[in-house]
Participant: 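If you scroll down you'll find the structure; I have some questions about it.
Whatever order the structure lists them in is the order used to number ligands and atoms, beginning at 1. For this chain, numbers begin at 1 and follow the sequence in order. Keep in mind that what you see is a predicted model, and the values were worked out from it rather than measured.
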Amino acid sequence: EPDDTPAPGTPDAEFENSLRPRRLSEVVGQRKVVERLGITLDAARRRGEPLGHLLLDGPPGLGKTTLATVVPRELDPDGGPGNIQFTSGPALRAPHDLVAYLTCATRGSVLFIDEIHRLPPAVEEYLYPAMEDFRVDIVMGEGTGARTVSLNIEPFTVIGATTRSGMLTAPLRDRFVNHERVEYYEVSDLAEIVRRNAAKLGLTVEGDAAEQLARRSRGTPRKANNLLRWCRDFTQVHSERGVLTPTLAARALEMREVDALGLEDQDRRYLRTIIEAFAGGPVGLSTLSHALSVPTDTLEDEVEPYLLRCGLMQRTSRGRVATVRAWEHLGLDRAADGGS
Ligand code: ADP
């Protein structure tokens, strides 16, 4: 499992859902995205219309699903959860797989399509009239007697999530009137998420323990939640008072092998490989992927964005290059390696 997105229905997914913000006002950080979405939602509410189709773009674990689940709740006049259906690009293999979702869509409901850049072309084309005119074409009968019936469906909202908006075809991208990009979080926002979620889990956090977790979360709320979960177990075993103190947090984090920048084993292995096997680069993505036995997608979507943000590597026209900072971070001597 490259990305740590939990599979639906598992205890991990339940843990994640239990910590998900329910209203827009509970969403921490991403201020501009939240402000813009607030206005679009307010306008839709006043007009009594569904929200325009929304594309959410950004690395895994930054809140795309969370924002999608907030939308129908915000539009539900009774303050209920609203109606949202979940599917994903790879799960929709043929237009046929999409029909039930479309015909089940109620007025103002949301159809969340994760990894929308992986929709097969035939499914994508089938989605166009549904998004544009709220219409689906259904083939009745077989062979020469077959005819196509056009069916009206309820006005609804597609929320597409992608780690790669660049891979979307132009016609699909154009059908989204709203496009938001979620970014890595500031430490202060992550600390706030840790504190709120610790309270939800009934764990007392003292001193700067929440900041410590936040600093090692790789800018990602999902990582922060996972570290919090680990710290809760650690506290249960090691603290009689059941309190996560800064000292206890430091011990728990040390055991988890997340370093000061939040890098995990896979991130360090990536940098080490560029430095030790390819003299610091440049090295091509596919070469690196082979050397690490990690798919190129995973490297591009999950590993590199954060390393780039930390200034530990660069993408050049000739390939990936480790920066001086990478040597320093790993405690390696650049001169000894003959790096230039
Ligand atoms: P994505 O869909 O981008 O992979 P998710 O929406 O599933 O990410 O987020 C993972 C978890 O991180 C959620 O369960 C939620 O607890 C937490 N989370 C994400 N974004 C936020 C946020 N802005 N505020 C509070 N918690 C968040």
Participant: Tell me whether Val110 shares a hydrophobic cluster with Leu37, the cluster being built from Ile, Leu, Val, Met, Phe, Trp, Tyr side chains joined at under 4.5 Å.
Facilitator: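 They do share one cluster, since a chain of ILVMFWY contacts under 4.5 Å joins Val110 to Leu37.
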Participant: Name the closest protein heavy atom to atom 6 (O) of ligand 1, giving the residue it belongs to and the distance to 0.1 Å.
Facilitator: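 Nearest protein contact, heavy atoms only, for atom 6 (O) of ligand 1 is Thr66 OG1, 2.6 Å.
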Participant: Would you mind listing which atoms of ligand 1 come within a distance below 4.0 Å of any non-hydrogen atom of Thr65?
Facilitator: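 So the answer, numbered in order with elements, is 1 (P), 2 (O), 6 (O), 7 (O).
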Participant: Please check: side-chain N/O of Arg196 versus main-chain N/O of Glu26, any donor-acceptor pairing under 3.5 Å?
Facilitator: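 Answer holds: yes.
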Participant: Please report the closest heavy-atom contact between Leu248 and His238, naming both atoms and the distance.
Facilitator: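 Taking every non-hydrogen atom into account, CD1-CB, 4.0 Å.
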Participant: Can you list the ligand 1 atoms lying under 4.0 Å from a non-hydrogen atom of Gly63?
Facilitator: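 Reading through ligand 1 atom by atom, the close ones are 1 (P), 3 (O), 5 (P), 6 (O), 8 (O), 9 (O), 19 (C), 20 (N).
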Participant: Quick one: look at Asn225 and ligand 1, take heavy-atom pairs under 4.0 Å, and tell me if it's side chain, backbone, both or neither.
Facilitator: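 It is the side chain that gets close, since no backbone atom is under 4.0 Å.
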Participant: Under a 4.5 Å cut-off applied to non-hydrogen side-chain atoms, are Asn17 and Thr69 in contact?
Facilitator: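 The answer is no, as the side chains (C-beta and beyond) never meet within the 4.5 Å cut-off.
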Participant: Considering distance alone, does some N or O of Gln30 sit under 3.5 Å from an N or O of ligand 1?
Facilitator: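 N/O-N/O distance under 3.5 Å: no.
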Participant: In terms of heavy-atom contacts, does CZ of Arg309 have more than 12 from other residues, nucleotides or ligands at under 6.0 Å?
Facilitator: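 Atom CZ in Arg309 is packed in, count exceeds 12.
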Participant: Please report the closest heavy-atom contact between Pro155 and Arg107, naming both atoms and the distance.
Facilitator: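 Smallest interatomic distance, heavy atoms only, reads CG-NH1, 3.2 Å.
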Participant: In the protein, which heavy atom is nearest to atom 14 (O) of ligand 1, and how far is it?
Facilitator: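 Scanning the protein heavy atoms, the shortest distance from atom 14 (O) of ligand 1 goes to Glu16 CG, 2.8 Å.
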Participant: Counting from 1, what ligand 1 atoms have a heavy atom of Tyr185 closer than 4.0 Å?
Facilitator: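 Ligand 1 atoms under the 4.0 Å threshold to Tyr185: 20 (N), 21 (C), 22 (C), 23 (N).
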Participant: Could you tell me whether some N/O pair between Asn17 and ligand 1 is separated by less than 3.5 angstrom?
Facilitator: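 No, there is no polar N/O contact under 3.5 Å.
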Participant: Please work out whether any backbone atom (N, CA, C, O) or any side-chain heavy atom from C-beta onward of Ile193 is under 4.0 Å from ligand 1, and answer side chain, backbone, both or neither.
Facilitator: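 Contact part for Ile193 vs ligand 1: side chain (C-beta onward).
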Participant: Does any N or O of ligand 1 fall below 3.5 Å from an N or O anywhere on Leu19, backbone included?
Facilitator: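 Between Leu19 and ligand 1 (N or O atoms, distance only) the closest approach is under 3.5 Å.
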Participant: Going by the atom numbers of ligand 1, which of them fall below 4.0 Å from some non-hydrogen atom of Pro60?
Facilitator: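 Those atoms are 4 (O).
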Participant: Would Arg175 pass as a cation-pi partner of Tyr128, given that its NZ or CZ must be under 6.0 Å from the six-membered ring centre and within 45 degrees of the axis?
Facilitator: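 Cation-pi check for Arg175 and Tyr128: passes.
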Participant: Going by the side chain to side chain contact (heavy atoms under 4.5 Å, CB included) test, name the single residue among Leu190, Asn225, Asn226, Leu62 that passes it with Thr220.
Facilitator: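 Single pass found, and it is Leu62.
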Participant: Please list, in number order, the atoms of ligand 1 under 4.0 Å from a heavy atom of Pro221.
Facilitator: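 Listed by number with element, the hits are 12 (O), 17 (C), 18 (N), 19 (C), 20 (N), 27 (C).
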Participant: Which is closest to atom 22 (C) of ligand 1 by heavy-atom distance: Val28, Leu190, Leu24?
Facilitator: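 When every heavy atom of Val28, Leu190, Leu24 is considered, Val28 comes closest to atom 22 (C) of ligand 1.
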Participant: Quick one: nearest non-hydrogen protein atom to atom 4 (O) of ligand 1, plus distance?
Facilitator: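 For atom 4 (O) of ligand 1, the nearest protein heavy atom is Gly61 N, 2.7 Å.
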Participant: Tell me the protein heavy atom at minimum distance from atom 25 (C) of ligand 1, and give that distance in Å.
Facilitator: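 Here the closest protein heavy atom is Pro21 CG, 3.4 Å.
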Participant: Taking Arg118 for its side chain and Gly89 for its backbone only, find out whether a donor-acceptor pair lies under 3.5 Å.
Facilitator: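 No, Arg118 side chain to Gly89 backbone: no donor-acceptor pair under 3.5 Å.
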Participant: So for ligand 1, is Glu26 a polar contact partner (N or O within less than 3.5 Å, distance only)?
Facilitator: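 No, there is no polar N/O contact under 3.5 Å.
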Participant: The test is side chain to side chain donor-acceptor pair (under 3.5 Å); show your working for Arg222 and Thr5 and say whether it passes.
Facilitator: CA-CA 8 Å; Arg222 176 175 293 130; Thr5 308; 3.3 Å; yes
